[in-house]
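In what follows, every chain begins at residue 1, and chains take the letters A, B, ... in the order their sequences are listed. Note that the structure is a prediction, hence the values are computed from the model and not measured.
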Number of protein chains: 2
Amino acid sequence: MLNSYSAEDKVLVSVDCIIFGFDNEGLKILLIKRDFEPEKGKWSLMGGFLKKEESLNDAATRVLNHYTGLHNIYMEQFYAYSEIDRDPVERTVSVAYFALINIENHNTELTKDHGAEWFSISNMPKLIFDHDEMVSHGIRRLRYRTSTKPVGFELLPEKFTMRQLLELYEAILDKELDKRNFISKINSLDILIKLNEKDMLSSRKGSYLYMFDKEKYDAKTRNNFVLNL
Amino acid sequence: MLNSYSAEDKVLVSVDCIIFGFDNEGLKILLIKRDFEPEKGKWSLMGGFLKKEESLNDAATRVLNHYTGLHNIYMEQFYAYSEIDRDPVERTVSVAYFALINIENHNTELTKDHGAEWFSISNMPKLIFDHDEMVSHGIRRLRYRTSTKPVGFELLPEKFTMRQLLELYEAILDKELDKRNFISKINSLDILIKLNEKDMLSSRKGSYLYMFDKEKYDAKTRNNFVLNL
DNA sequence: ATACGAAGTGTTTCTCCAACACTAATTAAT
DNA sequence: ATTAATTAGTGTTGGAGAAACACTTCGTAT
């Protein structure tokens, strides 16, 4: 029995993470100023090299935790980038993930230490290597994902208003949605709990707060729901 | 300027290809009997290791050509598998592709030499490592792809009947489709050319043969069509 | 000539999606 | 206390597209 494929080439493997967040200004991505050569000082996705003793998901989880301090982040692998010269230093295959976090929830000290900043997806700096391509693919995948999973669950605070949810979907899909149609579609999914509590900041009348009903949500996603907005 | 990330681990990277084909019995997958240890003699997807001087797409193209003799195969990368012990010999990250080929068109000598055989997707042997998981993900991705691209273009012979096209979609989606509704949806895409030629094998009356109109097809796909069957 | 077998062809119904505008509730200002 | 201002909240209708549905045509074989 063999214990190695000794004749084969080995290469570096990395993960790069697109971290999406949402606030009242819209959909945002967390970027860092790269602190090592090459391209030191340029904006970049959060990344790290795969270690021998971890899976890609482990590596992505580690990178996400390292830059945000968060655990149990929703993330999804979406594509492996492998052009030979994509990293000018050394041949590296990079597997891209996107992650969804609650923007008010992460460790801002930590991100500050890393020189990380949030950028609106409509106003991003040029990124290193092929990271711009990763971002555009990641956004495309996120858009598709809205039709399959209630991604708002991950991006919003625990309690949120219908308006916030609406604006989140508008930001992700980059189009205006009809308020009444949106609400009835969301309600038809039957995954929200309406609280007896109002958010009084946004208006004089105050708007009801909602939470996701985790159990109903899980039951729904097992049955592959489809949501067309 | 650095010229290596010397402290980082390197790992083997491979590609594994799900080769889909279609004949009058249904949707099939081409498998090989693995000819080296471990798991020699067990059924497996077509795979190969990534070389230093090629991209993942290059590697997948090479593997596909090696086993089928074909060039210009439609293929799509869909996921990277990286569990630490997925290959018991040595740590290997494997990037999975699916490919669509015309089943009557490949080099059968070549596949015979490799001990390759076609298996109906509903009646497949147990595969090595995590290849069963790859297949089920690959089928799922192929199903989704039918709504975005006219995959029949790749799987059918140049000239085909409406019945063949219908049965192809039924095989991929694993559900019965209404003949008349199917035909009108396909016609509404406006990507087929009806030939003045009939296939007389399938019936006494004979059925018209069709071809894909490559130009119209390309124009459509650029505009992101959606096809709900 | 007729029996057979698959090809080919339209219509109706129904469901779901999109478009659309006014009232309610509360607070702030006067 | 009245009014003005602001956002929340709420249903209906028309149209398009999907789904359901069956009979006729054509050519061959007997």
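- Between Phe153(A) and Tyr74(A), the ring center distance fails the sub-6.0 Å criterion.
- With hydrogens and angles left out, the side-chain atoms of Ser55(B) and Asp58(B) include a donor and acceptor closer than 3.5 Å.
- A ring-centre distance under 6.0 Å is found for Tyr144(A) and Tyr144(B).
- Each of Lys185(B) and Lys198(B) was matched to the nucleotide of DNA chain D holding its nearest heavy atom; the match closer to the 5' end belongs to Lys185(B).
- Looking at Asp218(A) and Lys214(A), a side-chain N of the basic residue comes within less than 4.0 Å of a carboxylate O on the acidic one, giving a salt bridge.
- Counting only N and O atoms by type, the side chains of Ser120(A) and Asn123(A) include no donor and acceptor under 3.5 Å apart.
- Enclosure of atom NZ in Lys112(A) is not indicated, since only 12 or fewer non-hydrogen atoms of other residues, nucleotides or ligands lie within 6.0 angstrom.
- One interatomic measurement links the two molecules: NZ of Lys205(B) to C1' of dA29(D), which rounds to 17 Å at whole-angstrom precision.
- Asn187(A) places its CG atom 16 Å from the C1' atom of dC17(C), with the value rounded to the nearest Å.
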Test log, rule salt bridge (charged side-chain N to carboxylate O under 4.0 Å, His left out), inputs Glu76(B) and Arg145(B): CA-CA 10 Å; Glu76(B) 185 173 328; Arg145(B) 189 58 65 228; 2.5 Å; yes
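- At most 12 heavy atoms of other shown residues, nucleotides or ligands fall within 6.0 angstrom of atom OH in Tyr208(B).
- Not less than 6.0 angstrom separates the ring centroid of Tyr97(A) from the ring centroid of Phe78(A).
- Taking a 4.0 Å limit (strictly below) on heavy-atom distances, residues 155-181 of chain A reaches DNA chain D at Arg163(A), Lys179(A), Arg180(A).
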Criterion side chain to side chain donor-acceptor pair (under 3.5 Å) on Asp199(B) and Thr161(B), from CA distance to verdict: CA-CA 7 Å; Asp199(B) 168 73; Thr161(B) 65; 5.5 Å; no
Give me, pair by pair, the N or O atoms of the protein and of nucleotides 28-30 of chain C that are less than 3.5 Å apart, along with how far apart they are.
none

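- Between Met200(A) atom CE and dA8(D) atom C1' the separation is 11 Å, expressed in whole Å.
- Inter-axis angle, ends of the helix from dA1(C)-dT30(D) to dT30(C)-dA1(D), five pairs per end, rounded to 10 degrees: 10°.
- Distance Asp199(A) CG to dT27(C) P: 13 Å, rounded to the nearest Å.
- We find that CG of Asn228(B) is positioned 18 Å from P of dA16(D), with the value rounded to whole Å.
- Summarising the geometry, the separation between CG on Leu201(B) and P on dA7(C) is reported as 12 Å, rounded to the nearest angstrom.
- Counted by atom type alone, Tyr81(A) and His131(A) present zero donor-acceptor pairs between their side chains at under 3.5 Å.
- Look at CD1 on Ile186(B): it is 17 Å from C1' on dA7(C), rounded to the nearest Å.
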